[in-house]
Asks: 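Sharing a structure here in structure tokens format.
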Protein chains: 2
Amino acid sequence: MSDDEHESKPARDRSQVTIIDIARMAGVSKKTVSRVINESPLVREETRKKVKEIIAETGFTPNPQARALAFRKSFLVGLVYDNPSPQYVVNMQRGILDTLGDTAFQLVLRPCDRGDENYRERVRSFIVQHKPHGIILTPSVSEDETLAEILREEECDYVRIASLELDVPSRSIRTHDAQGAEMAAAHLAQLGHKRIGHIHGPKTFRSAHERLSGFRSGLESYGLELAPELTVEGAYTFDSGVSSATRLLNRRDRPTAIFAGNDEMAVGVYVAARKAGLRIPEDLSIVGFDDTPISARIWPPLTTVRSPIREVGRAAADLLLKRGSGSENLEELQSFQLELIVRESTRSV
Amino acid sequence: MSDDEHESKPARDRSQVTIIDIARMAGVSKKTVSRVINESPLVREETRKKVKEIIAETGFTPNPQARALAFRKSFLVGLVYDNPSPQYVVNMQRGILDTLGDTAFQLVLRPCDRGDENYRERVRSFIVQHKPHGIILTPSVSEDETLAEILREEECDYVRIASLELDVPSRSIRTHDAQGAEMAAAHLAQLGHKRIGHIHGPKTFRSAHERLSGFRSGLESYGLELAPELTVEGAYTFDSGVSSATRLLNRRDRPTAIFAGNDEMAVGVYVAARKAGLRIPEDLSIVGFDDTPISARIWPPLTTVRSPIREVGRAAADLLLKRGSGSENLEELQSFQLELIVRESTRSV
DNA sequence: CTGAAAGCGCTTACAG
DNA sequence: CTGAAAGCGCTTACAG
């Protein structure tokens with residue numbers, strides 16, 4: 001380096017093909033090449049074809065840094081999340097990456113902590129600085145209306161994933177948790193259980209509310225009532241599952257079945273049952289939610305509700321990428337099938 | 001839009017502060033401001049201070065897209081991985097993000113599949129197109145010498161995380177798996193076990209080899225031998241743990257303890273033991289490796305080796321960011337303490 | 001130690 | 001439907 005500072009060597013000078021080379025080879029202007037790249041309809045079909053051929057021959061790919069600078073918008077898609085479950089996070093990432101694939105778009109991770117007072121401002125600075133193409137929000141941050149307002153203020157496109165519709169349809173992906181909980185209720189009702197307990201997640205999570213109300217209405221359609229004294233609040237954690245279940249199982253009128261709001265807590269119920277000397281499923285049936293890997297590895301294998309997280313991630317990214325292309329089919333992108341996975345933790349009374 | 005195509009609106013025209021504004025306010029040239037931003041030593045202390053003050057006052061942050069274009073190098077750090085364990089992946093991401101924090105650098109995900117013939121070329125196109133600041137490779141892709149060669153060819157900086165040193169020290173982070181396996185061996189030997197089985201990972205993984213040889217030498221230092229007939233190869237999966245353990249436990253001279261190469265397989269050993277009618281730890285002691293969440297939730301809780309994945313991720317990112325700053329301390333960045341977590345799956349014979 | 005000019009590779013704004 | 005000019009906000013290369 002002739003001058004100073006920057007320590008890292010510049011990338012190899014493999015005289016890269018640029019839009020100028022393509023323009024010259026096709027005998028058109030840069031702008032026309034640019035139009036082809038950006039799929040403008042305002043190019044004669046013949047011209048477009050020629051340019052496309054040359055692009056294919058040369059293997060040219062437009063420089064994303066240059067495009068980002070000119071567009072004032074980068075090719076990053078930000079995932080803003082606070083869900084602590086590794087399985088959930090990884091599945092979501094996989095789904096988004098399925099859609100992003102080998103496009104120019106890159107997935108950038110932005111974990112956050114709602115406990116941090118500045119968390120919203122951190123998201124804002126990310127947006128202002130990096131001008132992402134869009135943001136995908138998962139529960140529970142997706143439920144933060146103030147954050148959504150900030151994104152709108154900064155004119156950043158986004159999609160909110162949640163258990164119910166929180167925003168306009170084009171910015172929402174619903175996960176239909178209530179429906180999954182209904183399936184759990186039907187299963188237990190059909191097995192003849194009457195005294196059924198439920199450990200729901202923290203009330204600050206919409207999913208906890210949706211699963212609770214879905215479970216309740218599911219029981220009601222079988223003429224059963226979800227007894228208030230058998231409905232307790234957990235924290236979606238293993239430990240809270242243990243303590244909540246211990247409370248339920250210590251009652252003289254203990255339930256014969258417990259539906260836990262997620263698998264983590266369901267596994268906690270196993271521990272509480274063992275401590276109480278109860279056999280699963282002979283003395284206690286257990287249903288979880290999420291179908292995390294542990295549900296198939298624990299003994300006995302856990303009956304649980306599978307939520308198609310990866311598909312949800314795929315759909316969220318689709319929504320972002322297809323925006324305005326007219327090809328998005330909101331209906332299709334927003335209908336997910338939950339599934340009850342019946343294993344060996346449930347049995348008829 | 002006056003002309004055509006691009007559907008998304010340009011970002012808000014909040015006349016953003018640029019390097020020109022800062023230069024004007026400080027009464028210096030753009031280049032001098034640039035020098036301050038890039039921490040060039042070639043600026044008079046007084047000038048630097050003044051510029052820094054103005055930067056702080058205005059809240060100016062240099063535009064990463066513009067810098068990337070001019071530098072021919074982006075502010076992305078790519079994580080290239082193929083490890084299927086969600087827990088591992090998430091911990092690694094967390095560690096890297098700990099270091100990246102609120103810097104201009106962003107973490108970009110590049111999962112890959114070594115089964116895919118083109119996987120190396122996909123990594124190459126990512127690099128050529130996005131010109132990342134650096135790449136972090138985790139096992140097993142980190143062990144692919146051909147891939148490393150491609151990165152060097154493209155002059156892309158990288159750090160390889162592996163259970164042994166595969167590259168020059170400044171591009172390596174060692175995880176010392178052998179040492180962890182030695183601790184497992186010592187633990188079982190001290191409990192008086194003599195007939196000890198080992199289910200190791202696939203031979204294509206260096207970690208499998210390291211854990212095996214560490215375990216063997218650990219036993220040897222207690223005068224014990226790892227019997228070849230009690231050493232079987234698994235696939236690091238739950239199912240392979242079940243089948244490998246079944247084979248070991250069906251022997252008439254079955255082992256009194258099994259060390260599994262990871263927790264996934266260790267959990268498989270639980271299932272095989274249950275099927276064989278063996279109690280844990282009364283009839284069989286089990287030790288795992290990784291300390292994944294399931295190890296504390298399964299019954300009885302699993303004794304396992306904890307590998308500080310998050311710290312490893314932190315160190316890898318440190319190595320990348322501090323490159324050339326002279327402040328990196330290779331020694332320190334590469335010494336990790338593994339820890340044996342003794343739970344209830346092991347007992348003396 | 002500092003600066004004026006040219007350039008990174010694209011797109012926008014305008015004109016035809 | 002197409003193009004020449006200006007610009008995105010920085011850094012490099014050169015000069016002093």
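Below, chains carry the letters A, B, ... as their sequence lines are ordered, and counting in each starts from 1.
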Asks: What's touching nucleotides 6-10 of chain D from the protein side, N or O pairs under 3.5 Å?
Replies:
residue : atom : partner : partner atom : Å
D/dG9   : N2   : B/A66   : O            : 3.4
D/dC10  : OP1  : B/N63   : N            : 3.2
D/dC10  : OP2  : B/I19   : N            : 2.8
D/dC10  : N4   : B/K30   : NZ           : 2.8

Asks: Among residues at least two apart in sequence or on other chains, which ones pass side-chain hydrogen bond (donor to acceptor under 3.5 Å, both in side chains) with B/Y88?
Replies: none
Asks: Checking A/F75 now: which residues fulfil ring-ring contact (aromatic ring centres under 6.0 Å, His included) with it, not counting sequence neighbours?
Replies: A/F105
Asks: Run through DNA chain D and report every stem of 3 or more consecutive Watson-Crick or G-U pairs, distances under 3.5 Å, ordered by first number.
Replies: C:1-3 with D:14-16, C:5-12 with D:5-12, C:14-16 with D:1-3
Asks: Rounding to an integer number of Å, can you tell me how far A/R48 CZ sits from D/dT2 C1'?
Replies: 13 Å
Asks: Can you see if the side chain of B/S29 gets near the phosphate of C/dA4 - specifically, an N or O under 4.0 Å from OP1 or OP2?
Replies: no
Asks: Is it the case that more than 12 heavy atoms not belonging to B/E145 sit under 6.0 Å from its CD atom?
Replies: yes
Asks: Which pairs pass salt bridge (Lys or Arg N to Asp or Glu O under 4.0 Å) with one or both residues in residues 49-58 of chain B, sequence neighbours excluded?
Replies: none
Asks: Please state whether the phosphate of D/dT2, meaning OP1 or OP2, lies under 4.0 angstrom from any side-chain nitrogen or oxygen of A/T47.
Replies: yes
Asks: Mind running a 4.0 Å heavy-atom check of residues 50-59 of chain B against DNA chain C and sending the residues that fall below it, in number order?
Replies: none
Asks: Just how far, in rounded Å, is P of C/dT2 from CZ of B/R24?
Replies: 20 Å
Asks: Among all residues two or more places apart in sequence or in another chain, which pass the salt bridge (Lys or Arg N to Asp or Glu O under 4.0 Å) test with A/R120?
Replies: A/D144
Asks: Would you please name every residue forming a salt bridge (Lys or Arg N to Asp or Glu O under 4.0 Å) with A/D113, sequence neighbours left out?
Replies: none
Asks: Between D/dT11 atom P and B/E39 atom CD, what is the distance in whole Å?
Replies: 12 Å
Asks: Could I get the full list of salt bridge (Lys or Arg N to Asp or Glu O under 4.0 Å) partners for B/E149, not counting sequence neighbours?
Replies: B/R152
Asks: Counting just side-chain N and O atoms, does A/R44 come under 4.0 Å of either OP1 or OP2 of D/dT2?
Replies: yes
Asks: For A/A70, which residues count as a side-chain contact (heavy atoms from CB on, under 4.5 Å) partner, sequence neighbours excluded?
Replies: none
Asks: Could you tell me which residues satisfy salt bridge (Lys or Arg N to Asp or Glu O under 4.0 Å) with B/D157, sequence neighbours excluded, listed by chain and number?
Replies: B/R323
Asks: Tell me, please, which residues at least two apart from B/Y119 pass ring-ring contact (aromatic ring centres under 6.0 Å, His included).
Replies: none
Asks: Tell me whether B/R174 forms a cation-pi arrangement with B/F336, defined as NZ or CZ under 6.0 Å from the six-membered ring centre and within 45 degrees of its axis.
Replies: no
